[in-house]
Amino acid sequence: MKILITGAEGRVGKAFQIMLQNEEVFAFSKQTLDCTNRYKVTRVVEQIDPDLMIHCAAMTNVDACEREPVKAFMVNSLALTHLVEAAGTRKLMLLSSDYVFGEPSVIPYQENDTPSPQSVYAYSKWLGEELIKYHPSTYIIRTSWLFGGDGDFVDKIIQKAKEIDEITVVDDQVGTPTYIKDLVQGSIKLLQHPPGIYHFSNSGTCSRYEWAKAIVSYLPNEVYIRTGPTIPQSNVAKRPSHTILSNEKWKRVTGEDVRNWREALEEYMEGRLDDEF
């Protein structure tokens, strides 16, 4: 199967390349394919003629989106119009975010719940979904709190723990950490099932404070995690305070279960610590 992947240098794009290494993969970074350029997208798709297009390219720095809204909507929204046009009848997969649900909810969000984006990033991701969701062969996969690469929450806690022995982490943001490896495997499994909108995250919930405590528990040095509230700041994107995604549709369709985030974190941390410490 021929597969075109955008965002090849990102964490998720790299993971898809590893998982699909037995397929004929054509991976493009933002330097080799500008997805906001309609002509370039059309030309690449016509030349490769892929069976599947996986769109991982995105502007994911939520605070940068707040500062550069035009760029955010071009990358996260406009680019989708070019991709879906070029896709034709081909399968198209988009990775989206729990940020499309900005209102706190104690009940896990279902795929058909009404989005309520609260930031430029969230609006741009929601609009990207809207622009392609009626394409008959589109898979939209919303996920949350990704870890498993450079620059994410886990990585930042580990790096801070190498420098200081006390770290303050907010305790009023609740969600579900999701191991990128599990997300990619779960997304690939969906290709054998009907297209549509799906939620995929690891199971279980925690606050960012609880997540940080779990991370440092694997470190060889003792680190104290102090709690603190989220402090609103100008030009900084509003973070959802309590958004849990329901995996029930994914589990029903695939007939499989999803492991707990703590189990996934343990696997990741053990592998990482063997290399770093």
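The shortest side-chain heavy-atom distance between Glu210 and Val174 does not fall under the 4.5 Å cut-off. Residues Phe147 and Met269 fail the side-chain proximity criterion, which asks for heavy atoms closer than 4.5 Å. Using a 4.5 Å cut-off on side-chain heavy atoms (C-beta onward), Phe153 and Val169 make contact. Residues Ile54 and Leu4 have side chains not in contact (no heavy-atom distance under 4.5 Å, counting atoms from C-beta outward). In this structure, the side chains of Arg90 and Leu52 stay at 4.5 Å or more apart for every pair of heavy atoms.
Within the structure, the ring pair (Phe, Tyr, Trp, His ring centres under 6.0 Å) test picks out no pair touching residues 17-55 (sequence neighbours left out).
Minimum interatomic distance between Pro195 and Pro136 (heavy atoms only, all atoms of both residues): CG-O, 3.2 Å. Contact between Thr6 and Cys35 at its shortest, heavy atoms only, is CG2-SG, 3.8 Å. Shown here for Ala161 and Leu219, the closest heavy-atom pair between the two residues is CB-CD1, 3.4 Å. Considering all non-hydrogen atoms of both residues, Ile167 and Ile157 come closest at CD1-O, 4.0 Å. What you find for Ala86 and Thr42 is that their closest heavy atoms are CB-CA, 4.2 Å. Across all non-hydrogen atoms, the minimal contact from Ser187 to Leu95 is OG-CD1, 4.4 Å.
For the pair Asp150 and Lys14, the salt-bridge criterion is not met [side-chain N within less than 4.0 Å of a carboxylate O]. Comment: Arg142 engages Glu129 in a salt bridge, judged by a side-chain N to carboxylate O separation of less than 4.0 angstrom. With salt bridges taken as basic N to acidic carboxylate O contacts below 4.0 Å, none links Asp51 and Lys91. Contact check on Glu23 versus Lys2 returns no salt bridge, with no Lys/Arg side-chain nitrogen under 4.0 Å from an Asp/Glu carboxylate oxygen. Using a 4.0 Å cut-off between charged side-chain N and carboxylate O, Lys238 and Glu66 make no salt bridge. Between Arg38 and Glu85 there is a salt bridge, with a side-chain nitrogen of the basic residue lying less than 4.0 Å from a carboxylate oxygen of the acidic one. Using a 4.0 Å cut-off between charged nitrogen and carboxylate oxygen, Arg208 and Asp172 do not count as a salt-bridge pair.
No donor-acceptor pair under 3.5 Å is formed between the side chain of Ser77 and the backbone N or O of Met74. Side-chain N or O atoms of Thr32 include one that pairs as donor or acceptor with a backbone N or O of Ser29 at under 3.5 Å. In this structure, the side chain of Gln192 does not engage the main chain of Lys189 through any donor-acceptor pair within 3.5 Å. In terms of modelled atom types and a separation under 3.5 Å, the side chain of Ser203 and the main chain of Asn260 share a donor-acceptor contact. Glu130 places no side-chain N or O within donor-acceptor distance of the main-chain N or O of Trp126, the cut-off being under 3.5 Å. Judged purely by atom type and a 3.5 angstrom limit, His199 has no side-chain atom pairing as donor or acceptor with the backbone of Glu248. Between the side chain of Asn76 and the backbone N or O of Met59 there is at least one donor-acceptor pair closer than 3.5 Å. For the pair Tyr268 (side chain) and Glu263 (backbone), a donor-acceptor distance under 3.5 Å is absent. A distance-only check finds no donor-acceptor pair linking the side chain of Asn37 to the backbone of Asp34 [under 3.5 Å]. Judged by distance alone, with hydrogens and angles left aside, the side-chain atoms of Arg226 form no donor-acceptor pair with the main-chain N or O of Tyr224 at under 3.5 Å.
For the residue pair Glu256 / Thr254, no side-chain donor-acceptor distance below 3.5 Å is found, with atom types taken as modelled. Gln173 and Arg239 share no donor-acceptor pair across their side chains, judged by distance under 3.5 Å alone. In the model, Ser144 has no side-chain atom that pairs as donor or acceptor with a side-chain atom of Asp98 under 3.5 Å.
When Asp182, Thr143, Asn247 are each tested for a side chain to side chain donor-acceptor pair (under 3.5 Å) with Asn202, only one passes: Asp182.
Every residue meeting the ring pair (Phe, Tyr, Trp, His ring centres under 6.0 Å) condition with Phe200, not counting sequence neighbours, appears here in chain and number order: Trp250.
In this structure, the ring of Trp145 has its center less than 6.0 angstrom from the ring center of Trp211. Checked against the 6.0 Å centroid threshold, Tyr99 and Tyr121 count as a close aromatic pair.
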